[in-house]
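What follows is one structure encoded as structure tokens, with my remarks underneath.
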There are 2 protein chains.
Amino acid sequence: MIKYKNTVFNCTMELAIELIGGRYKALILWYLLDRTLRFSEIKRLIPQATQKMLTQQLRSLEEDGLIIRKVYPEVPPKVEYSLSESGKNLKPVLDAMCQFGKTYVEEHSIYSPSLLQS
Amino acid sequence: MIKYKNTVFNCTMELAIELIGGRYKALILWYLLDRTLRFSEIKRLIPQATQKMLTQQLRSLEEDGLIIRKVYPEVPPKVEYSLSESGKNLKPVLDAMCQFGKTYVEEHSIYSPSLLQS
DNA sequence: GTAGTAAGTATCTAAATGGGTACTATATTA
DNA sequence: TAATATAGTACCCATTTAGATACTTACTAC
């Protein structure tokens, strides 16, 4: 039993789902794996998410200590997001997910020109 | 670009999130990793999920070919769920998630008597 | 004859999520 | 003078998701 933010989790798996299970969380973390990104860059990488959604997910990730938000006091604003040490621990999870997705596409003969190229 | 079920995914990560990102999906898959379970057993393992939610998630996992649903024509009903070959490919993902959760709890000094015991 | 069982479905309501638009700041550019 | 840029927030409305409860089947036990 794990208590975190007024919620009880029965196992570490439940906690992990809570931490990275949000709509665009895993995707954001995935893009942050290899580099720091500005808000606008993340928005360009995940165009299907509205600005509100992105902000929400980023705030939640920051609150859970998975990413670091660095604000530059400039106009127009500049905000950079990067993985925290805790966030970097997610690399095995994200790598495994990506690999699973690839295998799934191959085994289910799903149309994917980009996979044929690479 | 990947097309699956009338939806376009920009990368395999997005597809992976779609497949296992549902409310209780990763948890169900996690419990199915080492054994076949009846519906009532899953319900007992995940009491916070309503029957409707569980049925929904199980149906979705079945549709995506991650689990196998075996119905025994009996009364009262008996239905067994197990991982498909595709579902078994998720083991590295689920193991990594569990490990991440453990590390997260340790590093954030979250109250967890069960972790102290094990 | 009634209750219990397993795995659901059906229906209604409540809550969370998501989309759209407008608004903010200040410096630079056209 | 007006537009552009960035990273948001505020507000309202629509959709989706989730919860609660009742109902089903056919057999068995009390």
Side-chain angles (χ1 to χ4, degrees), chain A residues 4-10 14 17-29 31-32 35-64 66-83, chain B residues 5-10 14 17-29 31-32 35-64 67-83:
Chain A
Y4 182 62
K5 287 189 175 176
N6 294 327
T7 309
V8 170
F9 300 95
N10 300 309
E14 283 184 20
I17 293 172
E18 172 71 19
L19 291 173
I20 64 166
R23 183 78 152 189
Y24 303 108
K25 286 187 181 178
L27 200 54
I28 293 170
L29 294 163
Y31 285 125
L32 288 177
R35 59 202 177 100
T36 292
L37 290 171
R38 292 186 61 173
F39 183 81
S40 56
E41 295 178 296
I42 299 177
K43 213 167 66 173
R44 234 167 285 134
L45 287 166
I46 314 177
Q48 69 271 34
T50 60
Q51 185 158 17
K52 194 180 74 172
M53 275 301 105
L54 277 189
T55 304
Q56 219 171 78
Q57 300 288 296
L58 287 165
R59 284 300 189 294
S60 175
L61 288 169
E62 191 197 4
E63 228 183 275
D64 291 330
L66 297 176
I67 63 171
I68 292 163
R69 179 169 178 267
K70 187 171 179 188
V71 182
Y72 293 82
E74 303 173 6
V75 169
K78 178 177 174 184
V79 179
E80 280 181 355
Y81 292 94
S82 58
L83 287 191
Chain B
K5 288 190 174 174
N6 294 326
T7 310
V8 170
F9 300 95
N10 300 310
E14 283 184 19
I17 293 171
E18 171 72 18
L19 291 172
I20 65 165
R23 181 79 152 190
Y24 303 108
K25 285 187 181 178
L27 200 55
I28 293 170
L29 294 162
Y31 284 125
L32 287 176
R35 60 202 175 99
T36 293
L37 290 171
R38 293 186 60 173
F39 182 82
S40 56
E41 294 177 297
I42 298 175
K43 212 166 65 174
R44 232 166 286 134
L45 287 166
I46 314 176
Q48 68 270 35
T50 59
Q51 185 157 18
K52 193 181 76 174
M53 275 302 105
L54 277 189
T55 304
Q56 221 170 76
Q57 301 288 296
L58 287 164
R59 285 299 191 293
S60 174
L61 288 169
E62 191 198 2
E63 227 183 277
D64 291 329
I67 62 171
I68 292 162
R69 180 168 178 268
K70 186 171 181 192
V71 182
Y72 294 81
E74 301 173 6
V75 170
K78 178 178 174 183
V79 179
E80 279 182 355
Y81 293 93
S82 58
L83 287 191

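Sequence lines set the chain letters: A, B, ... in the order given, protein chains first and strands last, and positions in each chain run from 1. In this text, all values refer to a predicted model and were calculated from it rather than measured experimentally.
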Show the distances under 3.5 angstrom between N or O atoms of the protein and N or O atoms of nucleotides 7-17 of chain C.
| residue | atom | partner | partner atom | Å |
| --- | --- | --- | --- | --- |
| dA7(C) | OP1 | R38(B) | NE | 3.1 |
| dA7(C) | OP1 | R38(B) | NH2 | 3.3 |
| dA7(C) | OP1 | V79(B) | N | 3.3 |
| dA7(C) | OP2 | S40(B) | N | 2.7 |
| dA7(C) | OP2 | S40(B) | OG | 2.9 |
| dG8(C) | OP1 | R59(B) | NH2 | 3.4 |
| dG8(C) | OP1 | R69(B) | NE | 3.4 |
| dG8(C) | OP1 | R69(B) | NH2 | 2.4 |
| dG8(C) | OP2 | Y81(B) | OH | 2.7 |
| dG8(C) | N7 | Q51(B) | OE1 | 3.2 |
| dG8(C) | N7 | Q51(B) | NE2 | 2.6 |
| dT9(C) | OP1 | R59(B) | NH2 | 3.3 |

Side chain to side chain donor-acceptor pair (under 3.5 Å) test vs Y81(A) passes for just one of E41(A), R69(A), K70(A), namely R69(A)
Subject >> I28(A) side chain near L54(A) side chain, heavy-atom distance below 4.5 Å >> reply: yes
*Taking the side chain as every heavy atom from C-beta outward, state whether R23(A) and Q56(A) have any pair of such atoms under 4.5 Å apart.*
no
Query raised in the report: Is a side-chain N or O of T7(A) found less than 3.5 angstrom from the main chain of K5(A), in a donor-acceptor match?
Result: yes
Separation between CD1 (I46(B)) and CD (Q57(B)), nearest 0.5 Å, reads 9.0 Å
Side chains of D64(A) and Y4(A), heavy atoms from C-beta outward: is any pair under 4.5 Å?
yes
Note: K25(A) and I20(A) closest approach over all heavy atoms is CB-O, 3.7 Å
Contact span of DNA chain D against chain A, any nucleotide atom under 4.0 Å from a heavy atom, 5' to 3', runs dA5(D) to dC11(D)
Whole-Å distance, L54(A) CG to dG20(C) P, equals 14 Å
Report task. Return yes if some donor-acceptor pair links the side-chain N/O of T55(A) with the main-chain N/O of Q51(A) below 3.5 Å, else return no. Result -> yes
